[in-house]
Trainee: 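Let me give you the structure first, and then I'll get to my questions.
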Amino acid sequence: MTRPDFIPAPLAQIPWRVILTVMAIGGFGLVVLYSAAGGHLEPWALSQGIRFLVFLAGAIILSRIPESWWRHGALPAYGILIILLVLVELIGAVRGGGQRWLGVGPFQLQPSEFMKPVIVLAVAMVYDRMPPAETRRFIAVWLPAGMILVPAALIAHQPDLGTALMVVFSGVVVMFLAGVPLRLFVGGALAAGIAAPLAVNFLLHGYQRDRIMIFLDPDRDPLGLGYHISQSKIAIGSGGVLGKGFLNGTQSHLDYLPEGHTDFVFATMAEEWGLIGGVFLILAFFSVILWGIRVALAARTRFGRLTAAGMASTLFFYVAINLGMVMGLAPVVGIPLPLVSFGGSAQMTVLICLGILMSIDRQNRIKPRF
Amino acid sequence: MKRPTRIVTEAAQTYSFSRRAVFLGGAQATVGAVLAGRMAWLSIAENQHYELLSESNRVNLTMIPPRRGWIIDRYGKPIANNRTDFRVDIIPDQLQDKDRVLGRLQAMLLLSDETMERIRADLKQAAGFQPVEVADKLDYEQFARIYVHWPELPGVAPTQGYARNYPAGAAVAHLTGYVGAASAEQYEKTHNPLLITPGFKIGKDGLEKTLESRLEGKPGAKRVEVTARGKIVRQLATRPDTPGQNVRLAIDLGLQEYAARRLGTNSGSAVVLDCLTGDVLAMCSMPAYDPNVFSEGISHLEWNMLSDNDHVPLMNKVLQGLYPPGSTVKTMDSLALLRAGVTPQDTVNCTGVIRVGTGLFHCWKRGGHGPISMRRAVAQSCDIYFWEMARRVGYDNIAPTARELGLGQTFDIPFSSQRYGTVPDSEWKMKKYHHPWTVADTLNAAIGQGYMLVNPLQLAVMAARLASGRNIQPRVLLDHPHGAAPFLSDVQPEHIATVRDAMYAAVNDGGTAARARMLVPGVTLAAKTGTAQVRRITMADRRAGRTGNAGVPFKLREHALFICFAPADNPRYAASIVLEHNGHLIANLDAHVTGRDIMTYLFDRDRALKSLAEIEPTWGGDIRTRMAQEEAVYRAAHQVPELLTTKTDAGAATASSAVENAAAATNAAVEAVGGAAAQSGSPEDDQ
């Protein structure tokens, strides 16, 4: 890679292509939020935009942090988050009903949100510490599996099925990449296939079960719980190839599309920008994700490889589950579309992931010698 | 499968990672492609489907019921028109949270508890798509109040529409009929969404029903953009309705109203024809219902009151009432006799009684008229003359003339049912009763009793054809101008002149209709009276002097009939008046003075109105006053407070069949009495 000499090294180390792609996604998201508010900056676009810039700056700062810091911080962060999750659970028990938030001064902290990148770091850390010979032992499976399931169970109990699934998926992907025998995954997939119907029937809350059933057959309750999916599909389908035009979406502006600025923001976008807008977003997202995978392949440490691929996968799961949900391919589990949906938590999580990815990318580039 | 732990080196691990990471990246890219493909499927392949759904979300289409065409009289005066109506309905299907919505409606419209009860009862009965009326005739402020809160009241449909209005009220009820909401069956048959649009009404009876296709018009449509919560964002294109055609009738509304009023408290009908063109100038049957009330949907109480009334206000007596024509047929008899060769000079000696076989037939005049020829026989209504003459020529030679003059016929007029009655002859009797015709049958038929039954329109047609000698056909619609009808074929003008002169004599030369003499200078009336008995007068009654009608129950009193035309020397208008069970009890309510006054209206309106104004108060006031009075009495008798009645369209929807039943029952009674009289062979006491 050649670069002009007049650009200072720190700037040159920033992966500008990815930053620009992320900014394009975020900027397009702001345009959609502006329309979702009926052509106003308030209440969503402005605050989302300010937050985006702050978090992006934060991500660039994170990219300066050496990889070793992440390695050392992984397990303590994991421990703190587990304590916080238990705390949330206790407060929820006291207050009654679901509880996801912890009030910290003026801020509201959602520990489950931080758990998404931290589980990747923690599991990667565990495999990094493990001698290569151990990876085919049983301990290489149950220890990380336990680390994944404890927070996932706590989060599912909040109840936040979507985040719990994300934690499980991200953790499991790291396990897969660490070299856990394939047969365990095949067996695990089979076990999940058998357990899923049982879990749906016995473990899930009524509304969660309903969501799954509605996902399987949205037309059984088109005005009730299937309403979200039906209206979302109408918005996307009616957009056509070119869309109805900026500010011309009727599904979103006339309130037929519920959650049009949060989980179903993609439908709001697709109605006005059509297939063109959708393909643009999908390409942008997957170029970032595949960049992450390339960073992982280029990483020189095991921790770096696992972390980078895990972060890329976390981003992938966000996008895939959300798009699958709004297009009727996945159940409505409440996963926002990163960088586009209104909401600070997901925005922060995704930019933390990107920050860590960039940090690993930077390590790859600034230490050309082994 | 347990294998011995493989030695894993760091290099091998890195290699495994690379393979798996590439696999992962490929899998993720595949998922990305699937998502893009899914989106392409939704937005390209299913685009039309979803576009349609999106449009049907966004756009709320409501039909605007077409304004109904007016029915106007020959001078353009409205008989049926439309008034602006602000109304509120509930569509049961769309109603959510019934109690809250009804509560709000009650508070906003200040509805009484009784009305709420009625609405609840209607909601329970109504099929889901049939609108249930909450209130109509709202003022603008009430309507606006509902309209503003409309989004919070699912299932409530405030509409600014038009309501049918009949300025003349009951006077035109049986002519126009009325309108009402379409029945569930009608909707199920066509699934025309217009039929369940609140405020849309179709003709249910009379001309409103038969002229439906012309009066209906084409609905407009209002497209509005609505939010998911039903809030109207903006009006999209609105297609205005196309009003129905106006239909001009031959009716003279002033005459129609006058005739209706002049019938007074009678249960009767009056028909006035232009005897040159056949234009039906008036055609009324009284008492009648108020079509304005009917069109809104009537209460059970009102319905019962009309059904119970022995004056059968639900029946159009002009077309559905059948009566023995009595002596009015002596005019027709005369023409038939002349055509059969009887000369006006031929005389019969009336001794007051005639023996046929073992039976005695009495002339109405005890002691008889002495030697009598046609002119005096018609004028004085001598039964013996017509019995004797009919016996000579045979009734089979008279019946064809009866039919030629319109008796027993139906006419091409836009009404869904006409009862045509009977003009008997030997062939008819053999077919119906399997008995040969007897002389007694001839005698009964000759004086319009026995088997003979006609409706009032037929009598008017007979009068008109006798008056002008023209083959007039009654015309209700004034679609295109038309001139005088052609003359009757096979009828010699001098025969017509003879009959006309005889009818002139009945009024103006010592006849039975002397009291019908017109008071308009220069206009003379020619007429014939008739009385049709509905019970048999036995010899015992005769000896006891029980031949009158005083003290006889209403249903057993004689019918009073009257046919006339004017001016006698150059006939222009003809009329028939038939008063059921009139019994000739009250002089100013009798048929001949009623007929005279109605004819007077055509020549001297002020005189007619003035004389009516003098006598109307003695009957209890005009039609509206009397109807209101009757209703109050009925309510009091049935102890129903005014508001506790249930208003339903369902009741009105059955109206036509109920009328049919009422008509059938009445006519069955008439036929039974007529048949009995015929078989006894002794119709008596006819004047």
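Convention: sequence-line order gives letters A, B, ...; per-chain numbering from 1.
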Trainee: Does B:K189 have more than 12 heavy atoms from other residues, nucleotides or ligands lying within 6.0 Å of its NZ?
Mentor: no
Trainee: Heavy-atom cut-off 4.5 Å, strictly under: side chain, backbone, both or neither for A:I236 against chain B?
Mentor: both
Trainee: So how far is it from A:F266 CZ to B:L35 CG, rounded to the nearest 0.5 Å?
Mentor: 8.0 Å
Trainee: Shortest non-hydrogen contact from B:Q28 to A:S313?
Mentor: NE2-OG, 3.2 Å
Trainee: Between A:V326 and chain B, which part of the residue has a heavy atom less than 4.5 Å away: side chain, backbone, both or neither?
Mentor: neither
Trainee: Does the pair B:F23 and A:F176 meet the rule for a side-chain contact (heavy atoms from CB on, under 4.5 Å), with working shown?
Mentor: CA-CA 11 Å; B:F23 169 76; A:F176 170 73; 3.8 Å; yes
Trainee: With a 4.5 angstrom heavy-atom cut-off, which part of A:I282 approaches chain B: side chain, backbone, both or neither?
Mentor: side chain
Trainee: For chain B, which of A:A296, A:G240, A:G243 has the most heavy-atom pairs under 4.5 Å?
Mentor: A:G240
Trainee: Once rounded to the nearest 0.5 Å, what's the spacing between atom CD1 of A:I234 and atom CG of B:L52?
Mentor: 10.0 Å
Trainee: Look up atom CD in A:E271 and atom OG in B:S54, then write down how far apart they are to the nearest 0.5 Å.
Mentor: 5.5 Å
Trainee: Is it the backbone or the side chain of A:P131 that comes under 4.5 Å from a heavy atom of chain B, or both, or neither?
Mentor: neither
Trainee: Let me know if A:R302 has heavy atoms under 4.5 Å from chain B in its side chain, its backbone, both or neither.
Mentor: side chain
Trainee: What part of A:L306 gets closer than 4.5 Å to chain B, counting heavy atoms only: side chain, backbone, both or neither?
Mentor: both
Trainee: Please list, in residue-number order, every residue in residues 41-51 of chain B that has a heavy atom less than 4.5 Å from any heavy atom of chain A; write 'none' if there are none.
Mentor: B:L42, B:S43, B:I44, B:N47, B:Y50, B:E51
Trainee: Kindly state each residue pair satisfying salt bridge (charged side-chain N to carboxylate O under 4.0 Å, His left out) with at least one member in residues 14-35 of chain B, sequence neighbours excluded.
Mentor: none
Trainee: Anything in residues 245-254 of chain A with a heavy-atom distance to chain B below 4.5 Å? Please list those residues in order.
Mentor: A:T250, A:Q251, A:L254
Trainee: Could I get the full list of side-chain hydrogen bond (donor to acceptor under 3.5 Å, both in side chains) partners for B:R58, not counting sequence neighbours?
Mentor: B:E55, B:E225
Trainee: Using a cut-off of under 4.5 Å on heavy-atom pairs, state which of A:I293, A:L297, A:L275, A:L182 scores highest against chain B.
Mentor: A:L275
Trainee: Measure across B:M39 and A:A270 and return the closest heavy-atom pair with its distance rounded to 0.1 Å.
Mentor: CE-CB, 3.5 Å
Trainee: Please report the closest heavy-atom contact between A:L290 and B:A29, naming both atoms and the distance.
Mentor: CD1-CB, 4.3 Å
Trainee: Quick one, A:Y256 and B:V226 - any side-chain contact, counting heavy atoms below 4.5 Å?
Mentor: yes
Trainee: Is the shortest side-chain heavy-atom distance between B:T14 and A:R305 below 4.5 Å?
Mentor: yes
Trainee: Does CZ in B:R100 sit with more than 12 non-hydrogen atoms of other residues, nucleotides or ligands closer than 6.0 Å?
Mentor: yes
Trainee: Heavy-atom distance under 4.5 Å to chain B: side chain of A:L281, backbone, both or neither?
Mentor: neither
Trainee: Given heavy-atom pairs under 4.5 angstrom as the criterion, report whether the side chain, backbone, both or neither of A:A235 touches chain B.
Mentor: neither
Trainee: So do the side chains of A:V319 and B:V31 get within less than 4.5 Å of each other, counting heavy atoms only?
Mentor: no
